[in-house]
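Presented below is the structure to which this report refers.
Counting starts at 1 for both ligands and their atoms, in listed order.
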Amino acid sequence: MTDLRDTYSRVLAYLEQQLDDDPVHGWILHETVARGIPEIQITLAQGRFLQLLASIVGARRILEIGTLSGYSGVWLARALPPDGLLITLEVNERHAQLARESFARAGVSERVRLEVGPALETLERLELDAPLDLAFIDADKPNNLNYFQWAWDRTRSGGLILVDNVLANGRVVDPENDNYAGSIRAFNDYIMAHHKAQSTILPFFKEDEDNLDGLLLVRVP
Ligand code: SAH
Ligand code: DHB
Ligand code: MG
């Protein structure tokens with residue numbers, strides 16, 4: 001019988017060999033571990049996918065909620081034209097410090113505005129000079145709906161809103177009482193009640209756990 005874990009890890013190694021072309025990504029992952037910052041960044045295949053989506057929509061204004069060490073931010077910023085802007089929000093100053101270094105190493109600092117503080121508070125005072133083309137929500141999951149609604153009101157027609165971890169490591173399908181998974185389940189129910197026709201959830205393998213999570217895509221009509 002095939003060992004599914006073994007297949008996962010071999011497929012992930014294959015994806016890394018096929019898709020990685022940027023030494024900055026490896027540097028960020030190394031520093032993340034070295035500084036004791038949680039390794040909860042998106043996967044390599046997700047990073048490439050986000051970058052492609054940003055290119056496909058011709059993104060010039062991107063909002064990211066949940067910077068961590070700047071891994072997803074580098075992927076997104078690389079899709080921007082020189083006058084494009086990634087606004088990325090992070091509550092943890094230690095994470096933000098590494099992210100600043102990551103953006104500098106990647107040579108994208110001029111296209112990135114990093115705002116430190118609780119994202120809901122930052123959003124309250126955030127002024128945009130143009131509508132968003134893409135929003136990537138990847139922070140405290142119970143606020144997903146708040147973040148989604150903020151982004152929905154400010155994203156242009158044809159733009160995209162993406163939300164990470166909407167399968168909660170597979171826990172969304174467990175009936176047991178689980179506040180974290182429950183908040184994500186309620187969020188997914190809201191999206192499917194209101195935006196199903198222009199949405200999907202893509203399952204993806206996670207790199208360092210034999211686990212599965214999901215990325216939600218919503219097109220703004
Ligand atoms: N997008 C990153 C991963 C983000 S992990 C990547 O894929 O590379 C989630 C991040 O959200 C953590 O760094 C955490 O500190 C941050 N976060 C949690 N709650 C937050 C809040 N209320 N406001 C802003 N950031 C928050
Ligand atoms: C967690 C957060 C994430 O954004 C993620 O991709 C995985 C885990 C977390 O808070 O545990
Ligand atoms: Mg995530």
Side-chain angles (χ1 to χ4, degrees), residues 20 22 24-33 35-51 53-54 62-79 86-103 105-106 108 112-126 134-148 150-151 161-172 178-184 187-188 201-217:
D20 196 18
D22 188 340
V24 173
H25 296 133
W27 182 87
I28 298 172
L29 299 182
H30 176 270
E31 284 301 307
T32 301
V33 177
R35 299 183 195 192
I37 293 171
E39 274 193 286
I40 52 173
Q41 67 284 332
I42 55 167
T43 70
L44 180 63
Q46 263 188 302
R48 178 76 67 189
F49 184 56
L50 257 57
Q51 190 175 71
L53 289 174
I62 300 177
L63 172 69
E64 173 179 72
I65 307 181
T67 317
L68 192 69
S69 38
Y71 183 84
S72 53
V74 167
W75 281 107
L76 289 167
R78 289 220 190 281
L86 168 70
I87 302 168
T88 183
L89 315 186
E90 175 55 56
V91 73
N92 182 308
E93 175 51 43
R94 283 180 55 247
H95 299 178
Q97 180 52 38
L98 175 53
R100 280 183 208 104
E101 294 173 42
S102 302
F103 296 136
R105 280 205 169 233
V108 298
V112 179
R113 193 171 126 199
L114 172 58
E115 299 275 350
V116 180
L120 275 183
E121 290 177 22
T122 306
L123 291 174
E124 251 177 65
R125 57 175 170 77
L126 192 66
L134 189 149
F136 175 48
I137 298 169
D138 190 18
D140 46 328
K141 313 308 173 189
N143 271 318
N144 273 354
L145 186 56
N146 293 323
Y147 299 147
F148 179 86
W150 196 96
I161 303 177
L162 313 174
V163 185
D164 196 30
N165 308 112
V166 296
L167 298 180
N169 273 321
R171 276 150 50 203
V172 284
D178 173 343
N179 288 339
Y180 178 89
S183 75
I184 293 174
F187 173 70
N188 292 344
I201 295 173
L202 291 181
F204 60 86
F205 298 132
K206 305 240 284 195
E207 252 134 30
D208 48 5
E209 301 153 63
D210 5 271
N211 226 325
L212 191 70
D213 215 314
L215 180 70
L216 171 77
L217 283 82

Apply salt bridge (Lys or Arg N to Asp or Glu O under 4.0 Å) to the pair R100 and E93, showing each step before the final yes or no. CA-CA 10 Å; R100 280 183 208 104; E93 175 51 43; 3.0 Å; yes
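- At a heavy-atom cutoff of 4.0 Å, ligand 1 is contacted by no atom of W75, backbone or side chain.
- Under a 4.0 Å criterion applied to the non-hydrogen atoms of Y147, ligand 1 contributes the atoms 21 (C), 22 (N).
- With respect to atom 23 (N) of ligand 1, the closest heavy atom belonging to the protein is A119 N, 2.8 Å.
- S72 OG, 3.0 Å is the protein heavy atom nearest to atom 6 (C) of ligand 1.
- Checked against a 3.5 angstrom limit, the closest N/O atoms of G66 and ligand 1 fall inside it.
- In this structure the side chain of P203 reaches within 4.5 angstrom of the side chain of L167, judged on heavy atoms.
- In terms of heavy atoms, G214 sits closest to I201 at CA-CG2, 4.3 Å.
- Every atom of ligand 1 with a heavy atom of H95 under 4.0 Å away is listed here by number and element: 12 (C), 13 (O), 15 (O).
- Heavy atoms of D164 stay at 4.0 angstrom or farther from ligand 1.
- With a cut-off of 2.8 Å, the Mg ion (ligand 3) has an N, O or S atom of N165 in range.
- The protein heavy atom nearest to atom 25 (N) of ligand 1 is V91 N, 3.2 Å.
- Residue A139 places no N or O, backbone or side chain, under 3.5 Å from any N or O of ligand 1.
- Closest of all the heavy-atom pairs between W75 and Q51 is O-NE2, 3.1 Å.
- At the shortest separation from atom 5 (S) of ligand 1 among protein heavy atoms lies I40 CD1, 3.6 Å.
- Residues A168 and Y180 come closest through the heavy atom pair CB-CE2, 3.9 Å.
- Inter-residue side-chain proximity for F204 and T43 is flagged as met; some heavy-atom pair is nearer than 4.5 Å.
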N or O contacts of ligand 2 with protein under 3.5 Å, please list pair by pair.
from     : atom 1 : to   : atom 2 : distance (Å)
ligand 2 : 4 (O)  : D138 : OD1    : 2.6
ligand 2 : 4 (O)  : K141 : NZ     : 3.1
ligand 2 : 4 (O)  : N165 : OD1    : 2.9
ligand 2 : 6 (O)  : I40  : O      : 3.2
ligand 2 : 6 (O)  : D164 : OD2    : 3.3
ligand 2 : 6 (O)  : N165 : OD1    : 2.9
ligand 2 : 6 (O)  : N165 : ND2    : 2.7

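- Considering E101, R94, H95 in turn, E101 is the only one that fulfils the side chain to side chain donor-acceptor pair (under 3.5 Å) rule with Q97.
- No hydrogens or angles considered: a donor-acceptor pair under 3.5 Å links the side chains of T32 and S69.
- D164 lies close to the Mg ion (ligand 3), since one of its N, O or S atoms is found at a distance under 2.8 Å.
- Taking atom 9 (C) of ligand 1 as the reference point, the nearest protein heavy-atom neighbour is D138 O, 3.2 Å.
- Proximity of I65 to ligand 1, defined as any heavy-atom pair under 4.0 Å, is not found for any part of the residue.
- Counting only heavy atoms of the protein, atom 7 (O) of ligand 1 lies nearest to I42 N, 2.9 Å.
- Checked against the Mg ion (ligand 3), the N, O or S atom of D138 at the shortest distance is OD1.
- Both tests pass for R105 against the ring of W27: distance under 6.0 Å to the centre and angle within 45° of the axis.
- The only option from L63, V163, L216 that meets the side-chain contact (heavy atoms from CB on, under 4.5 Å) definition with I137 turns out to be V163.
- Ligand 1 has no nitrogen or oxygen under 3.5 angstrom from a nitrogen or oxygen of Q41.
- Summarising the geometry of V172 relative to V166, their closest heavy-atom pair is CG1-O, 3.4 Å, with the distance given to 0.1 Å.
- If you run side-chain contact (heavy atoms from CB on, under 4.5 Å) between L162 and each of L202, L53, I42, only L53 comes through.
- Counting protein heavy atoms only, atom 21 (C) of ligand 1 is closest to D140 OD1, 3.5 Å.
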What verdict does the side-chain contact (heavy atoms from CB on, under 4.5 Å) test give for R78 and V74, after you've listed the backbone C-alpha separation in whole Å, the side-chain angles of each residue and the deciding distance to 0.1 Å? CA-CA 6 Å; R78 289 220 190 281; V74 167; 4.0 Å; yes
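- The shell of residues lying under 4.0 angstrom from ligand 1, judged by heavy atoms, includes G117.
- When heavy-atom distances to ligand 1 are checked against a 4.0 Å cut-off, E90 comes that close through both its backbone and its side chain.
- Taking 4.5 Å as the limit, every side-chain heavy atom of L86 sits out of range of all side-chain heavy atoms of R113.
- Ring geometry for F187 versus F148: interplanar angle over 60°, hence perpendicular rather than tilted (30 to 60°).
- Each of the atoms 2 (C) of ligand 1 lies under 4.0 Å from some heavy atom of T67.
- For the residue pair Q46 / D164, a side-chain donor-acceptor distance below 3.5 Å is found, with atom types taken as modelled.
- Atoms of ligand 1 lying under 4.0 Å from any heavy atom of P118, numbered from 1 in the order shown and given with element: 23 (N).
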